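Each remark here refers to the structure printed beneath this line.
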Amino acid sequence: MNSCDLKQKITEIAKNNWVDLVRFAPASRFSKEDPIFRIMPEVKTVICFGYGLLRGMFRGIEEGTTFYQYTTMAVENMEETVMPMAQLMAANAIEEEGYLALPQRRHQTIMAEENSTNPEVAYDAIFRGVTREPQMNFSEAAVTCGLGERGLHGAVLTDEFGPFLRYNFILTDAVIEEDPTLKAHLCDKCGACVRGCPGHAIAEDGSVDPWQCAVYYNGACGLKNPFMGPDAFGKFENRLEIIEGKAKVTPESARKILDQIYFYPPAQHSYQCSICGRACDIACYCHLEEKGVLKHSFTTPFRKREEWKFKIEDFE
């Protein structure tokens with residue numbers, strides 16, 4: 001099977017298994033120091049699969065009515081069921097043609113960093129300092145493959161879904177016709193993502209403090225958490241700063257705060273129930289939709305009314 005036919009076969013299988021965007025990049029487009037060459041030295045092509053998230057998965061958090069569906073459907077079900085199945089189906093087709101296919105999914109509980117965290121999972125479920133198990137830089141690889149562009153806060157943005165997507169990869173020794181990278185044109189550095197974070201975890205330059213993010217991803221901001229009681233964080237001297245999203249956390253204080261967050265039970269696979277629902281991504285999406293730059297349009301705007309929030313006086 002020639003390069004074009006194999007590309008068409010992989011694309012058809014992927015799109016028949018819930019993949020919305022498929023991109024192919026030659027390994028030569030990546031730096032020689034990139035982890036892909038430690039993972040699979042003979043890699044010739046990197047295949048990126050992008051999965052648009054249903055806008056409705058964010059609807060309950062936007063309205064303040066239901067929160068669990070974002071975690072179970074937009075995070076856990078996608079990462080643990082839908083995305084791996086699509087990978088395996090496509091990888092099987094590649095190996096049927098006599099080439100190697102190595103699926104690469106984000107391992108949520110393994111980190112090379114010694115004192116960082118992944119906001120989507122329980123901090124005490126993470127194995128840190130794991131350097132003998134190389135992992136791809138997912139967002140960088142997605143951009144290199146031409147899936148989209150990097151937004152100010154690090155999210156990959158696409159014309160179709162904005163930041164509302166997830167992605168994974170297949171490494172193969174098959175040489176497959178490449179797709180071009182994209183010229184950045186969506187992110188205008190407006191800062192909506194910075195302002196949208198309820199815990200001020202994103203700096204003006206877009207850099208994200210993962211521990212600050214974890215605390216407020218999990219619901220430490222009472223102004224955006226309908227499950228928080230008026231006496232929350234009673235043992236903390238700066239409880240009102242925590243609740244208002246103004247407390248600056250350290251890795252040590254973040255652990256103490258996270259240990260006191262019981263607003264909603266976690267999902268399977270160590271996934272923490274998100275109360276913010278990636279507020280940065282929601283703010284980014286609303287901005288892109290208002291600008292009219294997203295190809296996938298809807299009959300009504302995502303943000304239909306003024307954003308809801310409680311008052312700090314409710315916790316005094």
Side-chain angles (χ1 to χ4, degrees), residues 1-53 78-79 82-106 135-151 154-187 281 284-285 288 293-297:
M1 180 175 289
N2 63 39
S3 173
C4 291
D5 289 342
L6 182 56
K7 181 177 184 178
Q8 182 178 354
K9 180 178 181 179
I10 294 168
T11 301
E12 288 179 355
I13 290 173
K15 292 198 171 185
N16 285 334
N17 285 277
W18 298 91
V19 180
D20 295 291
L21 304 171
V22 185
R23 300 291 184 267
F24 299 79
S28 59
R29 192 182 289 174
F30 291 73
S31 163
K32 292 181 179 179
E33 288 73 40
D34 195 279
I36 64 170
F37 298 108
R38 289 179 59 199
I39 296 168
M40 187 178 183
E42 63 272 35
V43 60
K44 295 294 189 298
T45 303
V46 180
I47 308 170
C48 180
F49 293 158
Y51 309 76
L53 300 178
M78 293 298 294
E79 289 283 344
V82 175
M83 294 164 62
M85 184 57 66
Q87 274 183 306
L88 289 171
M89 295 290 285
N92 185 64
I94 293 170
E95 297 216 339
E96 283 181 348
E97 298 301 324
Y99 299 103
L100 291 176
L102 179 53
Q104 290 291 291
R105 54 166 291 182
R106 195 188 303 272
Q135 293 196 63
M136 295 177 64
N137 183 321
F138 266 55
S139 61
E140 183 176 312
V143 173
T144 303
C145 286
L147 181 68
E149 67 181 78
R150 193 188 303 275
V156 175
L157 311 180
T158 68
D159 290 321
E160 294 80 6
F161 307 104
F164 285 180
L165 82 160
R166 302 185 81 90
Y167 41 89
N168 55 16
F169 302 87
I170 294 177
L171 307 181
T172 178
D173 59 352
V175 176
I176 304 175
E177 180 186 8
E178 67 183 81
D179 292 313
T181 56
L182 302 179
K183 183 178 180 180
H185 61 285
L186 292 173
C187 181
D281 286 348
C284 176
Y285 181 91
L288 294 176
V293 296
L294 297 178
K295 292 181 179 179
H296 191 185
S297 61

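The basis for the numbers below is simple: all heavy atoms, side chains too, and nothing from hydrogens, waters or symmetry mates. In this text the structure is predicted, and so the values were computed from the model without any measurement.
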Legend entry - Between NE2 on residue His185 and CG on residue Asp159, distance to nearest 0.5 Å: 3.5 Å
In residues 43-53, what donor-acceptor pairs under 3.5 Å come from side-chain atoms, sequence neighbours left out?
| residue | atom | partner | partner atom | Å |
| --- | --- | --- | --- | --- |
| Lys44 | NZ | Glu42 | O | 3.3 |
| Thr45 | OG1 | Ala174 | O | 2.6 |
| Thr45 | OG1 | Ile176 | N | 3.2 |
| Tyr51 | OH | Met83 | O | 3.4 |
| Tyr51 | OH | Asn168 | OD1 | 2.9 |
| Tyr51 | OH | Asn168 | ND2 | 3.3 |

Inset, instruction - Look up atom CG in Asp20 and atom CG in Leu147, then write down how far apart they are to the nearest 0.5 Å. - result: 10.0 Å
Inset, instruction - Check salt bridge (charged side-chain N to carboxylate O under 4.0 Å, His left out) between Glu96 and all other residues, then give those that pass, not counting sequence neighbours. - result: Lys9
Inset, instruction - Please answer whether the main-chain N or O of Leu182 pairs with a side-chain N or O of Glu149 as donor and acceptor at a distance below 3.5 Å. - result: no
Inset, instruction - Decide if atom CZ of Phe37 counts as having more than 12 heavy atoms of other residues, nucleotides or ligands within a radius under 6.0 Å. - result: yes
Inset, instruction - Quick one: closest heavy-atom pair of Leu294 and Thr158, and the distance? - result: CD2-O, 3.8 Å
Inset, instruction - Measure the spacing between CZ of Arg38 and CD of Gln135 and express it to the nearest 0.5 Å. - result: 10.5 Å
Inset, instruction - To the nearest 0.5 Å, tell me how far Asp5 CG sits from Ile10 CD1. - result: 11.0 Å
For residues 24-31, dump all side-chain donor-acceptor pairs below 3.5 Å to protein atoms at least two apart in sequence or in another chain.
| residue | atom | partner | partner atom | Å |
| --- | --- | --- | --- | --- |
| Arg29 | NH1 | Thr144 | O | 2.8 |
| Arg29 | NH1 | Asp179 | O | 3.2 |
| Arg29 | NH2 | Glu178 | OE2 | 2.8 |
| Arg29 | NH2 | Asp179 | O | 2.7 |
| Ser31 | OG | Glu33 | N | 3.1 |
| Ser31 | OG | Glu33 | OE1 | 2.9 |

Legend entry - Donor-acceptor contact present, side-chain Glu95 to main-chain Ala101, <3.5 Å: yes
Legend entry - Pairing residues for Asn17 by the side chain to side chain contact (heavy atoms under 4.5 Å, CB included) criterion, not counting sequence neighbours: Ile13, Ala86, Met89
Legend entry - With Arg166 via salt bridge (charged side-chain N to carboxylate O under 4.0 Å, His left out) - residues at least two apart: Glu79, Glu120
Legend entry - salt bridge (charged side-chain N to carboxylate O under 4.0 Å, His left out) partners for Lys15, two or more places apart: none
Inset, instruction - Report yes if some heavy atom in the side chain of Cys145 is under 4.5 Å from a heavy atom in the side chain of Tyr167; otherwise report no. - result: no
Inset, instruction - Would you confirm whether Gln87, through its side chain, and Ile170, through its main-chain N or O, come within 3.5 Å as a donor-acceptor pair? - result: no
Legend entry - Check: Leu21 and Phe161 side chains under 4.5 Å, non-hydrogen atoms: yes
Inset, instruction - Evaluate the ring planes of Phe138 and Phe169, with Trp represented by its six-membered ring, and classify them as parallel (under 30°), tilted (30 to 60°) or perpendicular (over 60°). - result: perpendicular
Legend entry - Spacing of CH2 belonging to Trp18 relative to CE belonging to Met85, to within rounding of 0.5 Å: 13.0 Å
Legend entry - CG-CD distance between Leu6 and Glu97, expressed to the nearest 0.5 angstrom: 6.0 Å
Inset, instruction - Could you tell me whether the side chain of Asp173 and the main chain of Leu100 form a donor-acceptor pair under 3.5 Å? - result: yes
Legend entry - Heavy-atom pair of closest approach, residues Lys295 and Glu160: CD-OE2, 4.3 Å
